[in-house]
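If you're wondering where the values come from, they're calculated on a predicted model, not measured in any experiment.
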Amino acid sequence: MEIVIGLLLSSLSLYCDFIDAECLVISPARLVVKYGDPASSNCSSDTPVEMGWEATQGGTGLTDKEVKFLRWRVDSVTDWNIKPICYTEGGQCQKQLNITVYKLPDSVSISYRKYPDPMVEKHQYQLQCLVQNIAPIERLRVTFYKVNTTGEQTELDTQQKSKDNIKTPENGIYTLDFTPSRDDDRAQLWCSAMLDLGPEGPQPPPVMESDRLNINVLYKPLINMNPGRFSMNITEGETLSLACSAKGNPAPSYDWLRPQSAPAPNTTEGRSVVTITNMAKSHSGEYTCIARNPLGHSTWTVNVKVTGASCQAAGSAMVAVLLLQLIHWL
């Protein structure tokens, strides 16, 4: 008995699937329509039947006579939750048109949740991308971008809200934690909003970008001399000239530490270049550059060794002195 009942139920299911499949066909079965634009779709049947369209816009009653197809058409779709349904007499068969009504955003903007004035390297900040008046928001993808001073573009993150089945326009707020480095100074940040409505929607999917946000990042000085510490030899009586260069924001100031026996140097270019004339052996030792700004400091050290003049050089100097005396006597 159970086997017979099972066979009957299976046969009934197959029959119902056949009737439903052959009953009504909607073409196109899915529409993506911009709010305010026209829309249309055809409902057809293999055999003539009385049919109609039930909809908040463009609805029609049952036809007076049996027909094989009936068109649904709206000059301007203004109902976000429109659900056109094609049906036959007595509601024996019905099919719903899958329709998505969309609207592009009024604007896309990027900002800080709390404005930093300015940013500091290794500190965390929160960016916000605001997409105003968009529908349906579940089909929206928001991407944050960065471009540095060399023009290199980086995709920071892409976000999409979970499917909440909201049809009407709403505002979307997307946030991103951002920790800048010194290389991000004078870079630009922005976000883009792409409404991806599938193959039936606009191709390529429409994209709107925010204005670009110029960022200023403060960071401590870093002396870019290589290596960080090295030695050099200089001959007694020559001039010592050392240049120190550091990158920092704000621009660093410079100080020099020198051996106690060394005379006060001449400094130029904001004290980054130091010069000592007529070096003596007692001036040998470590010369250290210190670059500072309010965020920290960096150092660079040179070990200077002053050597005596060579015999050849001393002999040449003596010959020069004798020649001068000889010329004077003559």
Side-chain angles (χ1 to χ4, degrees), residues 110-127 144-154 156 176-189 212-307:
I110 189 171
S111 61
Y112 301 108
R113 290 294 296 268
K114 184 179 179 182
Y115 185 74
D117 189 22
M119 286 184 169
V120 178
E121 69 169 340
K122 299 181 181 180
H123 288 210
Q124 189 178 84
Y125 304 92
Q126 192 171 72
L127 303 173
F144 290 86
Y145 292 96
K146 176 184 73 176
V147 60
N148 60 23
T149 53
T150 64
E152 181 183 358
Q153 181 173 302
T154 304
L156 300 176
L176 175 68
D177 291 333
F178 178 67
T179 303
S181 68
R182 62 179 57 233
D183 294 332
D184 294 325
D185 185 36
R186 295 182 293 128
Q188 293 181 322
L189 302 171
R212 299 199 174 193
L213 191 65
N214 295 304
I215 61 174
N216 180 27
V217 181
L218 301 184
Y219 53 93
K220 74 175 187 178
L222 180 62
I223 294 178
N224 52 14
M225 309 299 291
N226 191 29
R229 179 188 181 99
F230 67 95
S231 301
M232 64 177 295
N233 294 330
I234 188 171
T235 303
E236 190 175 15
E238 291 184 347
T239 297
L240 173 68
S241 181
L242 297 174
C244 179
S245 176
K247 186 177 180 182
N249 189 18
S253 61
Y254 297 87
D255 286 310
W256 285 89
L257 299 180
R258 66 189 189 280
Q260 290 185 353
S261 59
N266 295 321
T267 55
T268 57
E269 299 181 18
R271 300 175 62 86
S272 64
V273 179
V274 62
T275 303
I276 300 178
T277 59
N278 196 25
M279 289 287 288
K281 289 184 179 181
S282 60
H283 301 160
S284 297
E286 292 185 343
Y287 291 75
T288 299
C289 171
I290 305 175
R292 291 190 178 90
N293 72 7
L295 278 77
H297 69 276
S298 179
T299 63
W300 174 64
T301 299
V302 182
N303 189 358
V304 178
K305 183 178 181 181
V306 183
T307 60

TODO: Go through the structure and list residues passing salt bridge (charged side-chain N to carboxylate O under 4.0 Å, His left out) with Arg182, not counting sequence neighbours.
DONE: Glu121

Open item on the list: If I compare all heavy atoms of Pro263 with all of Arg258, which pair ends up nearest, and what's the gap?
Closed with: O-NE, 3.1 Å

Task: Qualifying residues under side chain to side chain contact (heavy atoms under 4.5 Å, CB included), relative to Lys247, sequence neighbours excluded - done: Tyr219

TODO: Please confirm whether the backbone N or O of Ser245 pairs with a side-chain atom of Ser272, one donor and one acceptor, at under 3.5 Å?
DONE: no

- [ ] Compare every heavy atom of Ala262 with every heavy atom of Tyr287, then report the nearest pair and how far apart it is.
- [x] OH-CB, 3.5 Å

- [ ] Grab the two heavy atoms, one from Val120 and one from Val217, that are nearest each other, plus how far apart they are.
- [x] C-CG1, 4.2 Å

TODO: With sequence neighbours left out, write down each residue that passes ring-ring contact (aromatic ring centres under 6.0 Å, His included) with Tyr145, or none if nothing qualifies.
DONE: Trp190

Task: Set of residues satisfying side chain to side chain donor-acceptor pair (under 3.5 Å) with respect to Asp183, sequence neighbours excluded - done: none

Task: All side chain to side chain donor-acceptor pair (under 3.5 Å) counterparts of Lys146, not counting sequence neighbours - done: Asp184

Task: Non-neighbouring partners of Pro250 that pass side chain to side chain contact (heavy atoms under 4.5 Å, CB included), sequence neighbours left out - done: Leu218, Asn293, Pro294, Leu295

- [ ] Locate the shortest heavy-atom distance separating Leu176 from Leu156; write the atom from each residue and the value.
- [x] CD2-CB, 3.8 Å

Open item on the list: For a quick test of reading the model, state the closest non-hydrogen atom pair linking Phe178 to Ile215 and the distance between them.
Closed with: CE2-CD1, 4.1 Å

Task: Euclidean distance, Thr307 OG1 relative to Lys305 NZ, rounded to 0.5 Å - done: 7.5 Å

- [ ] Using the test side chain to side chain contact (heavy atoms under 4.5 Å, CB included), find all partners of Thr288 that sit at least two apart in sequence or belong to another chain.
- [x] Leu257, Ile290, Thr299, Thr301

Open item on the list: Test of understanding: with side chain to side chain donor-acceptor pair (under 3.5 Å), list the residues that count as partners of Asn233, not counting sequence neighbours.
Closed with: none

- [ ] Report yes or no: does Ser261 contribute a side-chain atom to a donor-acceptor pair with the main-chain N or O of Ser282 at less than 3.5 Å?
- [x] yes

Task: Rounded distance (nearest 0.5 Å) linking atom OH of Tyr125 with atom CG of Leu189 - done: 12.5 Å

Task: Reported CD1-to-CG distance for the pair Ile110 and Leu213, which is rounded to 0.5 angstrom - done: 5.5 Å

TODO: Starting at CG of Leu242, measure out to SG of Cys289 and round the result to the nearest 0.5 Å.
DONE: 9.0 Å

Open item on the list: Heavy-atom count check: over 12 atoms from other residues, nucleotides or ligands less than 6.0 Å from Arg212 CZ?
Closed with: yes

Task: side chain to side chain contact (heavy atoms under 4.5 Å, CB included) between Ser241 and Val273, intermediate numbers included - done: CA-CA 7 Å; Ser241 181; Val273 179; 4.3 Å; yes

Open item on the list: Quick check: closest heavy atoms across Pro118 and Asn216, and the distance to 0.1 Å?
Closed with: CB-O, 3.4 Å

Task: CA sep, side-chain torsions, deciding dist, call: His283, Ile234, side chain to side chain contact (heavy atoms under 4.5 Å, CB included) - done: CA-CA 10 Å; His283 301 160; Ile234 188 171; over 6 Å; no

Task: Residues that Asp177 engages under side chain to side chain donor-acceptor pair (under 3.5 Å), provided they are two or more places apart - done: Gln126

Task: Partners meeting side chain to side chain contact (heavy atoms under 4.5 Å, CB included) with Asp255 (sequence neighbours left out) - done: Arg271, Arg292

Task: salt bridge (charged side-chain N to carboxylate O under 4.0 Å, His left out) contacts in which one or both residues fall within residues 232-242, not counting sequence neighbours - done: none

Task: Donor-acceptor pair between Gln188 and Asn214 side chains, under 3.5 angstrom - done: yes

